[in-house]
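Heavy-atom basis, side chains included; hydrogens, waters and symmetry copies ignored. These figures come from a predicted structure and were not determined experimentally.
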Amino acid sequence: FNTLNAQSTIESKRYRWVAEWEQHEATWISWPHNQDTWPGLFEAIPPIAERLIRTLAEVEKVHVLGGPPSSHAVAIRQLGDVPNIEVHPI
């Protein structure tokens, strides 16, 4: 991976990270799947993530990165029928 080339590509295409209050087409978010990220708390996290994602979907398109196959299946089960949400396998 060549950081210099990546930086040049980013600058040439004028990519930038918009602030959450700025106009944007959609929000991208990952479905929680790594228990090591939430030691001792993981069981509580997916319902919180689901509530957050559903709330966002009330006002904008949400793309959810479903994670590995097992968590992707959970994300599809929890969010697959919600308008304005698209769950993607990764």
Side-chain angles (χ1 to χ4, degrees):
F1 180 75
N2 185 328
T3 306
L4 183 58
N5 286 344
Q7 185 64 33
S8 296
T9 299
I10 290 169
E11 289 171 0
S12 71
K13 296 196 182 285
R14 299 188 185 272
Y15 292 121
R16 72 183 194 84
W17 196 282
V18 298
E20 65 253 10
W21 61 83
E22 291 184 82
Q23 185 175 358
H24 55 275
E25 291 181 26
T27 291
W28 287 79
I29 190 169
S30 293
W31 184 257
H33 65 275
N34 184 350
Q35 294 189 20
D36 293 337
T37 304
W38 309 96
L41 301 171
F42 186 79
E43 295 303 317
I45 301 305
I48 294 167
E50 180 181 354
R51 188 170 49 221
L52 170 69
I53 293 165
R54 286 176 177 270
T55 300
L56 285 169
E58 291 175 6
V59 296
E60 65 184 56
K61 177 81 173 165
V62 182
H63 293 277
V64 179
L65 301 175
S70 59
S71 67
H72 180 255
V74 173
I76 288 286
R77 186 171 56 248
Q78 298 304 112
L79 301 168
D81 64 341
V82 180
N84 244 8
I85 295 176
E86 186 172 348
V87 181
H88 303 272
I90 58 169

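The structure places CZ of Arg51 at 12.5 Å from CG of Leu56, a figure rounded to the nearest 0.5 Å. With rounding to the nearest 0.5 Å, the separation of OG1 in Thr37 from CZ in Phe42 is 8.5 Å.
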(message) The test is side-chain contact (heavy atoms from CB on, under 4.5 Å); show your working for Val74 and Trp31 and say whether it passes.
(response) CA-CA 9 Å; Val74 173; Trp31 184 257; 4.0 Å; yes
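Here the side chain of Ser71 pairs a donor or acceptor atom with the backbone of Gly66 at under 3.5 angstrom.
Each salt bridge (charged side-chain N to carboxylate O under 4.0 Å, His left out) pair with one or both residues in residues 73-90, not counting sequence neighbours, appears once here: Lys61-Glu86.
Contact detail for Asp36 and Pro39: the closest heavy-atom pair is O-CD, 3.4 Å. The shortest non-hydrogen separation linking His72 to Gly67 is CB-O, 3.8 Å. Minimum heavy-atom separation, Val87 to Ala75: CG1-CB, 3.9 Å. Minimum interatomic distance between His24 and Glu22 (heavy atoms only, all atoms of both residues): ND1-O, 2.7 Å.
One hydrophobic cluster holds both Ile85 and Ile29 under the rule that ILVMFWY side chains link at heavy-atom gaps under 4.5 Å. Residues Leu79 and Leu52 share a single hydrophobic cluster, defined by chaining ILVMFWY side chains whose heavy atoms lie under 4.5 Å apart. Linking ILVMFWY side-chain heavy atoms closer than 4.5 Å, directly or via other members, places Ile90 and Trp28 in a single hydrophobic cluster.
No more than 12 heavy atoms of other residues, nucleotides or ligands sit less than 6.0 Å from atom CD of Glu25. Atom CH2 of Trp38 has 12 or fewer neighbouring heavy atoms from other residues, nucleotides or ligands inside a 6.0 Å radius.
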